[in-house]
Amino acid sequence: MLFPMSVVTRIAPSPTGDPHVGTAYIGLFNHTLAQQSGGRFILRIEDTDRNRYVPDSEKRIFQMMAWLGLTPDESPLQGGPNGPYRQSERFSLYGDYARQLVASGHAYYAFETSDELAALREQAQQEGHVIAIPSRDLDPAQAQARVDAGEAAVIRLKVDRDGETVVNDLLRDPIHFANTEIDDKVLLKADGFPTYHLANVVDDHLMEVTHVVRAEEWITSTPIHVLLYRAFGWAEPVFAHMPLLRNADKSKISKRKNPTSVEWYQQQGYLPEAMLNFLATMGWTHPEGQELFDLAEFQRVFRLEDVTLGGPVFDLAKLRWYNGKYLREVLSEDEVARRLHAFLAQNKVDLPLDDSFRAVTRLMTPRIDVFADFMDKTAYFWSDDYPTDEKAQKAIDAGKELLPDLAAKLKNLPVWEAASIKQMFHDYAEEKGLKMGKVMPPVRAAVAGTMESPDLPEMLEALGRERVAARVEKAAR
RNA sequence: GGCCCCAUCGUCUAACGGUUAGGACACUACCCUUUCAAGGUAGCGAUACGGGUUCGAAUCCCGUUGGGGUCACCA
């Protein structure tokens with residue numbers, strides 16, 4: 001299936017908190033779909049709930065998208081022909097559309113208070129049907145008069161009391177909803193702000209969105225949207241509801257059970273490429289079984305209809321593996337060093353981006369999955385003040401009598417390179433009739449304070465002759 | 001609870017009526033080896049259950065069970 005016309009997609013996050021990994025997930029597919037057809041990918045901010053509004057949230061959503069390389073074609077930042085892209089700035093639009101529906105008989109003014117609604121809801125619950133709003137049966141002219149007189153009112157969608165509404169979802173069979181199961185949703189709140197349902201449909205239409213690709217949690221409100229499109233006389237877009245990312249217990253992914261803020265992943269030193277690659281495999285697999293692929297490749301082969309519908313568990317272990325793979329096999333050594341350096345700088349670790357840093361990075365890359373692991377495992381490279389753990393101390397004690405010899409030989413080695421250092425160890429082991437497993441450990445323990453460290457000759461080369469000699473001599477005492 | 005969606009190894013998934021049900025992560029073992037990793041090899045491990053349809057079902061249909069979502073003047 002290819003979309004012949006150009007596809008216009010969007011994500012519509014609410015600025016209510018941390019930039020969510022689910023937004024990134026949905027963003028990936030929307031961005032890709034638009035790119036594939038040479039269409040447009042819109043980022044619209046749905047900030048109609050003033051109570052939940054978090055001021056810097058919007059900025060952080062932009063940053064997340066930029067970090068991932070999912071830059072929108074139109075957004076509050078970029079602007080575009082269909083702006084403004086913040087619903088709060090489109091405020092005046094929605095009232096007119098809502099009133100248009102009242103005029104055409106598709107919606108009505110409702111005056112119930114929240115207490116009354118609570119009682120009605122409880123009653124409806126007990127009687128086993130959807131809430132019925134008394135205002136629905138008010139005479140339109142009288143209702144209008146009350147509104148004109150200044151009485152507080154909301155505008156509700158007037159849903160037919162019989163028949164059914166069918167939602168066509170690209171990924172599923174048609175979904176049938178009996179209209180009796182759909183309640184008369186509020187479209188315009190008493191404060192004049194639109195609810196999600198109204199604003200979303202109006203904006204998607206005005207912005208010429210052709211494909212609504214969003215999370216599965218929206219399925220049950222889609223019949224309302226379909227009804228709205230019909231009431232306005234607008235063509236409905238293609239709907240595709242993606243599976244919801246899950247916690248290990250299969251519930252909808254949540255802050256309490258998983259890191260859901262993309263900023264957390266940035267702070268841990270995950271690579272955006274790895275994150276994207278991992279996210280792409282949530283509900284989709286590369287047709288050739290390829291595990292590693294970049295955004296361009298994803299765009300080349302992705303087909304919406306191949307998305308699977310089981311709720312994918314967000315497995316941090318697998319994400320870590322992807323990240324390690326990118327570090328080891330995708331990015332160049334130089335690139336890894338540069339990114340690691342930038343990461344450390346952001347964390348107030350000031351190291352020069354020099355050959356020594358690059359050498360340590362090269363040695364450590366196979367030993368870390370994410371950048372956050374780096375400093376913990378490399379303390380002995382940056383300071384002489386590093387801890388010596390129990391195992392290392394035992395190794396030092398066991399080989400103490402060899403250390404003076406070794407210190408001298410290291411000091412006097414003509415060439416300070418891994419190869420010659422290695423040769424020296426070989427020669428010395430042979431001379432003493434010892435195994436390498438006997439001569440190397442005390443030195444390793446002395447210079448690193450831990451047995452968990454890189455190849456010894458290479459590590460010594462990276463450390464430099466002076467530090468090595470000093471540390472070995474110190475341990476020999 | 002009503003409505004809706006979903007269902008292959010622990011996890012992500014492949015299979016588009018015919019395969020010893022494949023791969024990846026994780027786990028285990030072995031190899032490599034100066035430690036730890038990385039890498040290599042192997043192992044463990046699944047079609048939720050019950051009925052149909054069919055020569056033949058993981059695949060199609062029905063039911064059951066299980067999981068999830070949703071029932072706001074939040075999105």
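Proteins come first, then strands; the chains are lettered A, B, ... in the order of their sequence lines, and each starts at number 1.
Contact of A:K185 with B:rA72 (side chain to base): no donor-acceptor pair of N or O atoms is detected under 3.5 Å. You won't find any donor-acceptor pair under 3.5 Å spanning the side chain of A:R172 and the base of B:rC5, going by distance alone.
At B:rC12, none of the side-chain N or O atoms of A:T308 fall inside 4.0 Å of OP1 or OP2 (strictly under the cut-off). When the side-chain nitrogen and oxygen atoms of A:R52 are compared with OP1 and OP2 of B:rA75, none of them lie within a distance under 4.0 Å. The phosphate of B:rC74 has OP1 or OP2 within less than 4.0 Å of a side-chain N or O from A:K189. Contact check, A:K250 against B:rC12: a side-chain N or O comes under 4.0 Å of OP1 or OP2.
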Table please: side-chain donor-acceptor pairs of residues 362-375 of chain A below 3.5 Å, with sequence neighbours left out.
residue, atom, partner, partner atom, Å
A:R362, NH1, A:E458, OE1, 3.1
A:R362, NH2, A:E458, OE1, 3.3
A:T365, OG1, A:T361, O, 2.6
A:R367, NH1, A:L363, O, 2.7
A:D369, OD1, A:R328, NH2, 3.4
A:D373, OD2, A:R320, NH2, 2.8
A:D373, OD2, A:D369, N, 3.4

Sequence neighbours excluded and cut-off under 3.5 Å, please list the side-chain donor-acceptor pairs for residues 437-446 of chain A, or say none.
residue, atom, partner, partner atom, Å
A:R444, NH1, A:S453, O, 3.2
A:R444, NH1, A:S453, OG, 2.8
A:R444, NH1, A:P454, O, 2.7

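Positionally, the nearest nucleotide of RNA chain B for A:E181 lies more toward the 5' end than for the other of A:A190 and A:E181.
RNA chain B is contacted by A:R121, A:Q125 of residues 118-126 of chain A, taking any non-hydrogen atom closer than 4.0 Å.
Here A:F177 lies in heavy-atom contact (under 4.0 Å) with sugar-phosphate atoms only. A:L309 comes within 4.0 angstrom of the backbone, heavy atoms only, and of no base. Residue A:M282 is classed as a sugar-phosphate contact, given heavy-atom separations below 4.0 Å to backbone atoms only. Within 4.0 Å of A:K377, counting heavy atoms only, lies no atom of the nucleic acid at all. Nucleic acid contact class of A:G310 (heavy atoms, under 4.0 Å, all strands): sugar-phosphate only. Among the protein residues, A:G324 comes within range of no part of the nucleic acid, since none of its heavy atoms lies under 4.0 Å from any strand.
Summarising the base pairing, B:rA29 is matched to B:rU41 through a Watson-Crick or G-U wobble pair whose two defining distances lie under 3.5 Å.
Side-chain atoms of A:N277 and A:E273 include no donor-acceptor pair closer than 3.5 Å.
Because its NZ or CZ atom is both nearer than 6.0 Å to the ring centre of A:F111 and within 45° of the ring axis, A:R146 counts as a cation-pi partner of that residue.
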